Participant: 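The structure under discussion is supplied below as structure tokens; questions concerning it will follow.
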Amino acid sequence: MKLDAESKALIQLDKVEFSYPGYEEKALDGVSALFFPGRCYTIEGPNGCGKSTLFRILLGLNFPDAGTYLFDGKPVTKAAMKNSRFARDFHKRIGFVFQDSEVQLFTQSVEDEIAFGLYQLHLPEEEIREKTEDYLKRFDLESVRDRAPFTLSGGQKRRVALAAVFAMDPEVIVIDEPLAGLDEKGQRWITDFLKNRKDSGHLLIVSTHNRDFAGVIADVHVYMAEGKIRRIAEEVLSCRK
Ligand SMILES: Nc1ncnc2c1ncn2[C@@H]1O[C@H](COP(=O)(O)OP(=O)(O)O)[C@@H](O)[C@H]1O
Ligand SMILES: [Mg+2]
């Protein structure tokens, strides 16, 4: 019988191992964790400890060599991803922002960038227009709406990538190193934004090696080192919601 806690977790990792093809070293070496909706998890640890690799597994870009990854109770495997219905449902429910926002911006304008994902969801035209306006406003991007994303500053690019993902309203949002490459103002903006989003019922999973940032946004700190989770610590105060 399943434990009650496990049955409520949206994401369950059980003894996940992963090595990059051609490398013997385990980038993930027996990672087990439960992730619950309505919480912000920070994945913390030094460079090379496996944060981005963990995210590639969570996003279904790589698959465990051993152990299991369950999303809403269903195994996320290469075979499952070949089922287009499963893959579509999975990608709709989990959104991500790469460390390098540039790689995920590909349209001709900021406005199109936000609308693109909404078209993928097959929403009515009117709703797409409304949501696009709403997210241009929320992310302070109205003044650059017609600009090509690749011409923007690092902070603006990150805001576009975040706006495009949040507009689609996935249940799980994974963000790799949200503060990387941003100046102080950009860092403050992202930190405040994520703080505000914590109460929206989404599951946020954010990697960082910045302890101050983690201290401000985490409900749960997941500390990694050398491909393993060393400790999982709950923030007592922020969990009392
Ligand atoms: N594409 C890759 N090919 C081979 N090894 C990789 C690759 N990406 C990461 N690694 C290795 O996997 C380990 C974990 O890296 P990574 O997940 O990127 O760590 P972090 O995001 O915490 O800095 C490191 O030893 C790194 O060198
Ligand atoms: Mg990384």
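Whatever order the structure lists ligands and atoms in, that order sets their numbers, starting from 1. Since this is a predicted model, take the numbers as computed values, not measurements.
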Participant: Please check if a non-hydrogen protein atom sits closer than 4.0 Å to atom 20 (P) of ligand 1.
Facilitator: yes

Participant: Ignoring hydrogens and angles, write down the donor-acceptor pairs under 3.5 Å from the side chains of residues 163-174, residues two or more places apart or on other chains.
Facilitator:
from	atom 1	to	atom 2	distance (Å)
D169	OD1	H202	NE2	2.7
E171	OE1	R93	NH2	3.1
E171	OE2	R93	NE	2.5
E171	OE2	R93	NH2	3.4

Participant: Answer side chain, backbone, both or neither: which part of E25 comes under 4.0 Å from ligand 1, heavy atoms only.
Facilitator: side chain

Participant: Which class fits the ring pair F18 and Y20: parallel under 30°, tilted 30 to 60°, perpendicular over 60°?
Facilitator: perpendicular

Participant: Side chain, backbone, both or neither: which applies to P46 and ligand 1 if a contact is any heavy-atom pair less than 4.0 Å apart?
Facilitator: backbone

Participant: Judged on heavy-atom distance to atom 13 (C) of ligand 1, which of G50, G48, P21 sits nearest?
Facilitator: G48

Participant: Taking atom 26 (C) of ligand 1 as the reference point, report whether a protein heavy atom occurs under 4.0 Å from it.
Facilitator: no

Participant: Does any N or O atom in N47 lie less than 3.5 angstrom from one in ligand 1, N or O only?
Facilitator: no

Participant: Does any N or O in the side chain of R56 come within less than 3.5 Å of the main-chain N or O of N62, such that one atom is a donor and the other an acceptor?
Facilitator: no

Participant: Looking only at distances, please establish whether an N/O atom of ligand 1 is found under 3.5 Å from an N/O atom of Y23.
Facilitator: no

Participant: Less than 6.0 angstrom separating the ring centers of F71 and F90, yes or no?
Facilitator: yes

Participant: What's within reach of the Mg ion (ligand 2), meaning protein N/O/S atoms under 2.8 Å?
Facilitator: S52 OG

Participant: Taking atom types as modelled and ignoring hydrogens, do the side chains of E125 and Y119 form a donor-acceptor contact shorter than 3.5 angstrom?
Facilitator: yes

Participant: With a 4.5 Å heavy-atom cut-off, do R145 and E133 have their side chains touching?
Facilitator: yes

Participant: So, does G45 sit close enough to ligand 1 that a heavy atom of it is under 4.0 Å from the ligand?
Facilitator: no

Participant: For T42 and E44, test the side chains for any donor-to-acceptor distance below 3.5 angstrom and give the result as yes or no.
Facilitator: yes

